[in-house]
Every structure is written in C-alpha cells, then in structure tokens.
2 protein chains.
Amino acid sequence: MVRRPTVTSVQIAREAGVAQSTVSRVLNGGSVAPETRRRVLDVVAKYDFQPSQAARNLVGARSGLIGVVIRDLTNPFYPVLVKAVERVLHERGLRLSLVTDVMSDEEGLALLRREGVDGVVFTSAIEQEPLAHRMLGHGIPMVLCHRTLRDFPADQVEADNTTAGELAAAHLLDLGHRRIAMVRGLAGSSTAQQRALAFRRKVAATEGATLTEADGAYDYATAYEAVRALLASAEPPTALFCHNDVMAYAALNAAAAAGVAVPAELSVVGCDDVPLSAWERIDLTTVRQPLERIARVGVELLLDRLESPDLPHRHEVLPVELVLRSTTAPPA
Amino acid sequence: MVRRPTVTSVQIAREAGVAQSTVSRVLNGGSVAPETRRRVLDVVAKYDFQPSQAARNLVGARSGLIGVVIRDLTNPFYPVLVKAVERVLHERGLRLSLVTDVMSDEEGLALLRREGVDGVVFTSAIEQEPLAHRMLGHGIPMVLCHRTLRDFPADQVEADNTTAGELAAAHLLDLGHRRIAMVRGLAGSSTAQQRALAFRRKVAATEGATLTEADGAYDYATAYEAVRALLASAEPPTALFCHNDVMAYAALNAAAAAGVAVPAELSVVGCDDVPLSAWERIDLTTVRQPLERIARVGVELLLDRLESPDLPHRHEVLPVELVLRSTTAPPA
DNA sequence: CTGAAAGCGCTTACAG
DNA sequence: CTGAAAGCGCTTACAG
C-alpha cells in the first residue's frame with residue numbers, strides 16, 4: 001500500500017509564507033502576530049489541516065492517550081463506565097486506548113507501552129494478579145477505578161462496597177428473610193471481597209439466619225448455573241444477594257426457568273444499578289453505584305497525578321444507595 | 001510532566017553490539033544471521049523492549065490503526081459489534097480507534113485523520129449526512145458495515161434487511177394480526193428504510209390489514225414514548241414490529257407499564273437478536289442478524305482493500321432468520 | 001548479512 | 001514576534 005499524500009505543516013508554512021515553526025506556534029498557542037496568525041489559519045482552514053499525532057507524540061512530552069483497561073465489554077456495566085470515562089477524557093482533549101479481554105494481559109501491557117499512553121485507568125484489578133503491578137513497574141501513572149487493591153501505591157476510587165453489602169443484608173433481613181444466599185463476584189476483586197465480608201457479617205449477627213454462598217464470577221452464565229443449583233437444593237434460599245446486576249439478571253432468569261416466582265418465593269437484590277435494572281420487565285432492587293462519578297473522579301485523580309507526580313496517593317470512596325424496586329418482598 | 005525514560009532501539013543496539021537498523025530488522029523480520037538475531041533478542045527480552053508506535057507510524061506506510069465509528073456504546077447492540085470487530089482486528093495485529101457519540105462527527109473525523117488510521121469501519125451511516133462522504137474525500141479507505149448507503153463508492157456489508165421486514169410481517173400476519181404497528185429506526189438509516197419498506201409491502205398486500213407507524217429513532221426512550229402513545233390510542237394495535245431489539249424492550253416495558261399483557265393482548269417482534277433477547281424475563285421473538293459475521297466480513301473487506309486499492313467494490317448481504325420466542329401469539 | 005544515513009512531521013529551545 | 005536547526009525513535013533504501 002502506498003501512503004496516501006497528506007498535507008503537512010511544511011506545506012502550510014510555505015503557502016502562508018512563514019516558517020514551519022510558526023505554523024506550530026499558531027496551532028499550539030505560542031506568541032504570534034495577529035496578522036501572521038490569520039494568514040496561517042486561513043491556509044490551515046483551506047486544507048483542513050490536521051497535524052500528525054504520530055509526529056507530535058514522538059517529540060512531545062505527552063501522547064494525549066489514556067489507556068482504559070476493562071474486561072468484557074458486553075457486560076452492560078462496562079459500556080456505561082467506558083462512556084463516562086470517554087466523555088471526561090474528551091472534555092480534556094484526551095483520547096482513550098481500550099484494552100479488553102479480547103487480548104491477554106501481556107498483550108495489553110505491551111500495547112499500552114508501545115502506544116506511549118500518558119496514564120492508565122485500570123478498572124478490573126484483581127488481587128494476586130501482576131498486571132497492575134507490572135504497569136506501575138514500567139512507570140506508567142495509573143488510577144485504580146472501581147476495583148481497588150490493598151496497599152497499592154496508586155490513586156484509587158471505588159464505591160463504598162462495605163455499605164453496599166450491609167444495605168443489601170439489612171434490607172433482606174428486615175423483610176424477614178433467614179434462609180439467604182449470596183452469589184459472589186470474581187474472586188480476588190475488591191468489590192466482591194468487600195461486599196461479601198459486609199454481607200456475611202450482617203447475616204451472621206442475626207439470630208437464626210443462615211447464609212449459603214456460590215461463586216458467580218460476575219458472569220451471567222456462571223451465575224445462572226449457580227442459582228439454578230441453589231434453587232434445586234433441598235432447602236432453597238428465600239432471598240439472594242448478587243454481587244452485580246448482571247448476575248441478578250441471571251438469577252431472575254434462572255428463577256423464571258425453574259418456575260420460582262419473584263419476589264413471592266424468592267427475593268433478589270443486585271448491585272450496580274445499570275439502566276437495564278429500571279426496566280419494568282426487570283425492575284430489580286439493587287444497590288446503586290455512582291458510576292458516572294466513579295469514572296469522573298478516576299480520570300481526575302489520574303490527570304492530577306500527571307500534573308503533580310509527587311502528590312500523596314488519594315483513595316476516594318463514593319457513597320452508594322439502596323434502590324427499592326419489585327424483586328424483593330417478605331418471605332412467603 | 002517529564003517524559004519518563006524509555007528504552008529505545010538505539011540502546012538495544014548498543015548493548016547487543018549491532019547497528020540500530022539491525023535491531024529494526026530483527027523485530028520486523030528482515031534477514032539477520034541467527035547468532036546476531038539471538039544476541040539482539042536477548043537484549044530485547046532483558047528490557048522487555050517495546051518499539052515506539054509513534055515513531056513507527058511516522059516513518060512506516062501504515063499505522064496499524066483502524067477507526068471504528070459507532071454511536072451510542074450503551075445501546076447493547078454496539079458492544080457486541082465492537083467486540084467482534086476488535087477480535088478480528090486483534091487477530092490481524094491491528095488496533096482499534098473508537099469514535100462514538102461522545103464527540104461530534106466533525107471531531108471524530110479530525111481525530112481519525114490526525115491519528116492516521118489506515119481505514120475505517122463505519123457502522124452508523126446515515127443518508128443525507130456528510131461524514132462518510134467526507135472521509136472518503138480525504139482518501140481514507142472505508143467499509144460500510146451494518147448500515148449502508150445507496151450508490152456509495154465503498155465496500156459494504158449488511159444483513160438482509162428486506163427479508164427481515166418480510167419475516168416479521170409474515171409472522172404477525174400468519175398469526176392472524178390485522179391491526180399492526182411499526183416502530184421505525186433512525187430516519188435515513190438503510191436498516192430502517194429497508195425493514196420498513198419490506199414490512200409495509202407485506203402488510204399492504206394483506207386484505208384488511210392496517211399499519212400504523214411511529215418513529216423510534218433506534219432509541220429506548222423515544223420508542224418507549226411512541227409505544228405508550230400507540231397503546232393509549234382509540235384502536236391500539238394488537239401487534240408491533242420494532243426495528244431493533246432495544247426498541248422492542250422499550251415496547252415490552254411500556255406495555256407492562258400500561259398493563260397490556262404480552263403476548264395475550266400485544267405481540268412484539270424485534271430485530272437484532274442481541275444476547276439479552278434470549279433471557280427468560282425478555283424472551284423476545286426477533287429477527288436475528290448475524291452480528292459476528294457482519295463484523296468479520298466488514299473487517300475483511302476493509303483489509304482486502306488496503307492490500308488491493310483497485311479491487312471493484314463489493315457489497316455483501318448476509319442472511320437473517322426469525323427466532324420464535326414468547327412475545328408473539330395470535331390476537332385475542 | 002550488516003551498517004551508515006536519510007527522513008517521516010512535528011515541538012522546542014535558541015538566536016535574532 | 002519569527003526563523004533556522006536539532007532531535008524525537010523508528011523504517012527503509014543504499015552500500016559494502
């Protein structure tokens with residue numbers, strides 16, 4: 001393939017009768033005489049000139065690229081998060097470089113390094129998993145956004161997952177449920193750990209309440225199977241806390257498949273409150289995470305750090321709230 | 001911010017005792033003596049060297065970047081499409097540069113030009129809208145993927161939307177419905193136009209059948225309101241064809257809100273068949289588009305064109321199928 | 001097979 | 001305010 005011809009700043013300079021460096025100054029806001037600036041901008045407009053990002057990155061201190069590490073884009077949680085991150089980045093004139101589960105951690109890291117990202121918004125950290133540590137080792141500024149890591153030397157933002165677990169437990173216990181189950185999120189994720197811990201503690205403190213747990217890995221299919229098994233057991237639970245909304249949908253669907261009425265025979269509480277959950281056909285009682293704010297604060301922490309690398313690390317915890325809808329009720 | 005120090009090919013060369021161009025040859029598969037190659041690769045491995053993509057882009061004929069233009073990432077249709085596109089690109093060693101509705105068309109085009117994308121997968125073409133034409137005008141190779149444009153000089157792939165409209169109409173008519181409504185997709189989109197035309201034709205050919213139309217713009221909220229209005233009319237339809245699944249979900253939810261039983265009082269057919277539609281709580285009868293194949297064929301058409309710019313334009317139409325689930329039944 | 005050199009298109013000191 | 005020049009880190013002919 002032949003490189004298609006592109007207008008460069010040299011050609012703009014020639015046509016405007018100035019030095020190439022003057023074109024650069026006009027575009028980057030250096031001091032230029034008004035008349036000169038006008039002449040240059042006229043030629044820029046004439047060709048709709050767009051300076052090469054590759055050349056800029058090569059010479060400049062920043063690439064304007066921010067890596068965003070997620071996992072499965074088809075989990076409805078992530079598009080909401082990515083969109084919010086993208087919006088904030090775009091407001092600041094930054095671009096997003098997406099790393100998903102289409103590639104391995106190894107490949108993702110290599111890509112972000114080759115692309116020279118200025119920083120990374122890491123949303124899917126897992127304890128005992130080296131990717132986040134390796135990134136930091138390569139000197140890439142990073143914010144842990146949504147999922148966090150204990151004692152990790154970086155800025156972090158997350159929802160108050162402890163309160164999330166407590167709110168879910170308190171709600172189900174207050175309704176009178178005692179045979180309770182929990183479908184956990186991905187092992188090693190801070191969100192699952194914190195929600196599980198808080199939920200367990202609250203249930204354990206209640207006379208006569210029993211808790212069964214299953215691993216749902218934040219995955220629809222895994223959770224569906226886990227709930228199917230729970231409902232088929234000798235003493236099925238009357239209430240279920242799922243660590244995210246997607247697993248709660250799986251629970252609702254598995255219950256429907258098993259002929260178990262929600263909420264009459266089974267109460268279900270999720271966690272996230274993605275838009276789907278408000279649909280009449282779903283109408284899920286869930287703990288709302290402030291997703292937009294998590295994204296915005298995450299990006300802002302990262303940008304602050306790019307400005308001031310020596311700032312002490314910050315760790316923001318954002319409030320959650322229980323959203324009551326129609327998937328919970330007192331036990332039969 | 002200070003540029004953080006990065007290992008370059010010059011340093012690799014020095015440490016391996018070879019010329020910098022030899023390092024480049026090792027990495028890009030030029031002819032190098034096995035012993036030399038080994039020495040270089042040892043040093044590359046020692047530092048986990050990643051060559052700068054910016055420098056590569058600046059000098060090379062290709063950037064390895066493919067623009068992917070979508071609109072709303074939170075419409076569950078797009079994550080599926082983007083993921084499929086990303087997977088194919090990754091198999092070919094290419095990266096994706098995402099343009100969404102977070103930015104204007106103007107900004108998106110400027111970005112793709114600055115980034116020097118090798119080509120663009122355009123998924124959201126609209127008739128009477130200049131973005132696709134302007135891209136082509138800038139000499140950017142392009143494939144119209146999913147939505148197409150009449151007489152547009154580029155490769156195109158789409159589902160057989162005419163058959164989609166016919167299948168939906170035939171199904172509802174066969175069930176005995178005569179008071180039928182259609183919620184149209186975005187005006188100017190080929191998908192909405194083709195589906196509408198075929199559906200109308202089929203209904204018009206049926207004695208006694210009437211068709212009411214509403215604009216849903218492929219948007220949940222718009223469709224919800226449209227269906228609410230339809231159901232509140234003096235002679236509400238007994239069957240509904242929505243031009244995509246998201247609008248069908250809106251219809252199901254609006255029906256639930258209005259106390260209209262589906263399918264007893266209202267049959268609903270969608271179009272897409274995204275994973276959600278198979279959920280027990282939704283269980284939507286819909287026309288399946290081969291999304292993965294649309295994405296794969298789209299990327300392949302584009303890559304073929306990058307290899308051979310003078311190939312005649314191809315236009316692929318992929319088959320659809322009706323997926324019967326529980327949102328349709330004979331009228332009461 | 002290997003090295004020296006040119007050059008991709010910019011930004012950024014440095015002079016004037 | 002403006003221009004000439006260096007240089008970012010690579011790939012790609014071109015010699016040898």
Side-chain angles (χ1 to χ4, degrees), chain A residues 1-41 43-44 47-65 93 110 113-118, chain B residues 1-41 43-44 47-65 93 110 113-118:
Chain A
M1 188 187 104
V2 187
R3 169 195 273 310
R4 76 184 103 81
T6 299
V7 177
T8 69
S9 60
V10 172
Q11 293 164 54
I12 300 293
R14 191 179 310 141
E15 188 152 337
V18 299
Q20 183 271 328
S21 51
T22 299
V23 174
S24 182
R25 256 180 242 113
V26 168
L27 262 31
N28 296 295
S31 59
V32 180
E35 157 65 9
T36 309
R37 172 181 304 274
R38 205 190 46 66
R39 277 220 316 285
V40 170
L41 287 178
V43 183
V44 165
Y47 292 101
D48 192 8
F49 169 62
Q50 299 293 344
S52 156
Q53 195 55 52
R56 276 193 161 162
N57 293 358
L58 194 53
V59 58
R62 288 201 191 177
S63 66
L65 251 193
R113 293 213 293 139
R114 285 206 281 271
E115 291 171 342
V117 294
D118 294 330
Chain B
M1 189 187 106
V2 187
R3 169 195 271 313
R4 77 185 102 79
T6 300
V7 177
T8 69
S9 61
V10 171
Q11 292 165 54
I12 301 293
R14 189 179 313 139
E15 187 152 339
V18 300
Q20 184 272 329
S21 51
T22 298
V23 173
S24 183
R25 257 180 241 113
V26 168
L27 260 32
N28 296 295
S31 61
V32 179
E35 158 63 9
T36 310
R37 173 181 303 276
R38 204 190 45 67
R39 275 219 318 283
V40 170
L41 287 178
V43 183
V44 164
Y47 292 101
D48 192 7
F49 169 62
Q50 299 292 344
S52 155
Q53 195 59 51
R56 276 192 162 162
N57 293 358
L58 193 54
V59 58
R62 288 201 191 178
S63 67
L65 250 194
R113 293 214 292 139
R114 284 209 281 271
E115 291 170 342
V117 294
D118 295 331

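We name chains A, B, ... by the order of the sequence lines, and we start the count at 1 in each one.
In this structure, the CG atom of B:N57 is 13 Å from the P atom of C:dC10, given to the nearest Å. In this structure, B:R113 atom CZ and C:dG9 atom P are separated by 14 Å, rounded to whole Å. To the nearest angstrom, P of C:dC10 lies 15 Å from CD of B:E115. Atom P of nucleotide D:dC1 and atom CZ of A:R39 are separated by 15 Å, given to the nearest angstrom. When the P atom of D:dG9 is taken as reference, atom CG of B:L58 falls 12 Å away, rounded to whole Å. For the pair A:Y47 OH and C:dG9 C1', the interatomic distance rounds to 17 Å; values are reported in whole Å. In this structure, A:R62 atom CZ and C:dT12 atom P are separated by 12 Å, rounded to whole Å. Rounded to an integer number of Å, the gap from CG of A:L27 to C1' of D:dT2 is 16 Å.
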>> For a side chain to side chain contact (heavy atoms under 4.5 Å, CB included) check, start with the C-alpha distance between B:L58 and B:R56, then their side-chain angles and the critical distance, and finish with the verdict.
In response: CA-CA 5 Å; B:L58 193 54; B:R56 276 192 162 162; over 6 Å; no

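Under the 3.5 Å distance criterion, with hydrogens and angles disregarded, no donor-acceptor pair is assigned to the side chains of A:Y47 and A:Q11.
Regarding contacts with the backbone of C:dC10, every side-chain N or O of A:S24 stays at 4.0 angstrom or more from both OP1 and OP2. For A:S31 and D:dC1, the shortest distance from a side-chain N or O to OP1 or OP2 is below 4.0 Å. Distances shorter than 4.0 Å separate none of the side-chain N or O atoms of A:S21 from OP1 or OP2 on D:dT2. Here A:R56 does not reach the OP1 or OP2 of C:dC10: none of its side-chain N or O atoms lies under 4.0 Å away. Side-chain N/O atoms of B:S9 include none lying less than 4.0 angstrom from OP1 or OP2 on D:dG9. Residue B:T36 has a polar side-chain atom (N or O) positioned under 4.0 Å from OP1 or OP2 of C:dT2.
Base-pair partner of D:dA4: not found among the strands shown (Watson-Crick or G-U wobble, both distances under 3.5 Å).
B:F49 and B:L27 make their closest contact through CE2-CD2, 3.5 Å (heavy atoms, listed as atom of the first residue, atom of the second, distance). The heavy-atom pair separating B:V26 from B:R37 by the smallest distance is O-NH1, 3.5 Å.
Nearest-nucleotide mapping onto DNA chain C: of B:Q20 and B:A33, the residue sitting toward the 5' end is B:A33. In terms of position along DNA chain D, the nucleotide closest to A:R37 lies nearer the 5' end than the nucleotide closest to the other residue of the pair A:R37 and B:S52.
Among the protein residues, B:Q53 comes within range of no part of the nucleic acid, since none of its heavy atoms lies under 4.0 Å from any strand. Within 4.0 Å (heavy atoms only), A:V23 reaches no atom of the nucleic acid at all.
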Mind listing the N/O atom pairs, protein and nucleotides 14-16 of chain D, below 3.5 Å?
none

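Looking at the side chain of B:T22, the nearest of the listed nucleotides D:dG9, D:dG3, C:dT2 is C:dT2. Of the candidate nucleotides D:dG3, C:dC10, D:dC10, D:dC10 has the atom nearest to the side chain of B:A55. With C:dT2, D:dC10, C:dG9 as the choices, the nucleotide that has an atom nearest any side-chain atom of B:V32 turns out to be C:dT2.
Contact annotation: the side chain of A:R39 never approaches that of A:V43 to less than 4.5 Å [non-hydrogen atoms, C-beta and beyond].
Looking at A:N28, A:I12, A:L41, A:V32 one by one, the single match for side-chain contact (heavy atoms from CB on, under 4.5 Å) with A:V23 turns out to be A:I12.
Between the A:D118 side chain and the A:R62 main chain, no donor and acceptor come within less than 3.5 Å of each other. Of the possible donor and acceptor atoms, none in the side chain of A:N57 sits under 3.5 Å from a partner among the backbone N and O of B:A54.
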